[in-house]
Amino acid sequence: MLFRRHGYSATGLKRVATEAEAPFGSIYHFFPGGKQQLAADVIHTSGREYGRMVLALLDSVPDPAESLVHAFAAAADDLAAADYADACPIGTVALEVASSNEVLRVATAEVFEEWVGAAAQWFGRWVADPKAARSLACSMIMMLEGAFMLSRAARDPEPLLVAGRSMAELLRTTVTQAGEG
């Protein structure tokens, strides 16, 4: 949670040890590569878990367009409940390290790609064209990440709600166009 809220640079290992109620030396025992290795592991672990959670949320509503609206609304509720502090588990670090830490940039890119691949499979249930399904998946991730940023800055859930409605409309349009083609 510390990397998620504060980013890589602002998260010190002493604070990690304190929050984990673990001896400081245990960090280097389990993560000999230090803070960078710990952060990469956190990115991969939290990213996979978040991806599974989002897919479960999407699967909780049978209609795919309604499911998207529901998932984005749930994200808005969760963000507001966290006082706008906890959004994407890797977004803060991804923005921070994109130009400064290749190991962590690659870790965040890998997680984003996992999310896009899983979402493309989900969209593939309604969209036969794999390129269109992947495009929808990319759009969903981009809208979610951008909406998190706007919602956090404004301390307002509306950007997430708008993104959910926009994503649902994009899916409906894609399905309709595929049926006409």
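- Membership of the apolar cluster around M149 extends to L95, as traced through chained side-chain contacts below 4.5 Å between ILVMFWY residues.
- Pairs of residues two or more places apart, or lying in two chains, never qualify as salt bridge (charged side-chain N to carboxylate O under 4.0 Å, His left out) while including a residue from residues 135-149.
- The shortest heavy-atom contact between G124 and A133 is N-CB, 3.9 Å.
- The hydrophobic cluster of V106 has no other members, since no ILVMFWY side-chain heavy atom comes under 4.5 Å of it.
- With values rounded to the nearest 0.5 angstrom, L104 atom CG is found 9.0 Å from E96 atom CD.
- Note that CG of L136 and CE of M140 are 9.5 Å apart. Values are rounded to the nearest 0.5 Å.
- Of all heavy-atom pairs spanning A120 and A137, the tightest one is N-CB, 3.4 Å.
- Tracing side-chain contacts under 4.5 Å through hydrophobic residues (I, L, V, M, F, W, Y), one never reaches L161 starting from I141; they form parts of separate clusters.
- Residues passing the salt bridge (Lys or Arg N to Asp or Glu O under 4.0 Å) test with E49, sequence neighbours excluded: R52.
- Residue pairs meeting the salt bridge (charged side-chain N to carboxylate O under 4.0 Å, His left out) criterion with at least one member in residues 156-168, sequence neighbours excluded: E158-R165.
- In this structure, W115 is a member of the same hydrophobic cluster as L170, with clusters built from ILVMFWY side-chain heavy atoms closer than 4.5 Å.
- Among residues two or more places apart in sequence or in another chain, the side-chain hydrogen bond (donor to acceptor under 3.5 Å, both in side chains) test is passed with R48 by none.
- Two residues are said to be in side-chain contact when any heavy atoms from C-beta on lie closer than 4.5 Å; D41 and Q37 fail this criterion.
- Applying the side-chain hydrogen bond (donor to acceptor under 3.5 Å, both in side chains) definition to pairs two or more places apart or across chains, those involving residues 129-143 are E113-R134.
- Residues A147 and P159 approach most closely at CB-O, 3.6 Å, considering heavy atoms.
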Which is it for D59 and R125 under the side-chain contact (heavy atoms from CB on, under 4.5 Å) test, yes or no, and what are the steps along the way? CA-CA 11 Å; D59 283 338; R125 296 183 206 168; 2.9 Å; yes
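- For L55, the side-chain contact (heavy atoms from CB on, under 4.5 Å) criterion is met by L58, A118, W122, not counting sequence neighbours.
- What you find for R152 and A87 is that their closest heavy atoms are CD-CB, 3.8 Å.
- If you chain together hydrophobic residues whose side chains sit under 4.5 Å apart, M143 and Y50 fall into the same group.
- Among all heavy-atom pairs drawn from G164 and V69, the shortest one is O-CG2, 3.8 Å.
- Every residue two or more places apart in sequence or in another chain was checked for a side-chain hydrogen bond (donor to acceptor under 3.5 Å, both in side chains) with Q121, and none qualifies.
- Among residues two or more places apart in sequence or in another chain, the salt bridge (Lys or Arg N to Asp or Glu O under 4.0 Å) test is passed with D63 by none.
- Both L79 and M53 are assigned to one and the same hydrophobic cluster, defined by single-linkage of ILVMFWY side chains at heavy-atom distances under 4.5 Å.
- No side-chain heavy atom of D78 sits less than 4.5 Å from a side-chain heavy atom of D86.
- Placement of L150 and L144 in two distinct hydrophobic clusters is found when ILVMFWY residues are connected by side-chain heavy-atom separations under 4.5 Å, directly or transitively.
- Sorted pairs that involve residues 64-100 and meet ring pair (Phe, Tyr, Trp, His ring centres under 6.0 Å), not counting sequence neighbours, are lacking altogether.
- With sequence neighbours excluded, the residues that form a side-chain contact (heavy atoms from CB on, under 4.5 Å) with S100 are V97.
- When all heavy atoms of V127 and A132 are compared, the closest pair comes out as CG1-CB, 3.6 Å.
- The side-chain contact (heavy atoms from CB on, under 4.5 Å) with V111 is formed by just one residue from the set T45, I90, V116; it is I90.
- To the nearest 0.5 Å, the span separating CD on E169 from OG1 on T174 amounts to 9.5 Å.
- A donor-acceptor contact shorter than 3.5 Å links the side chain of T108 to the backbone of R105.
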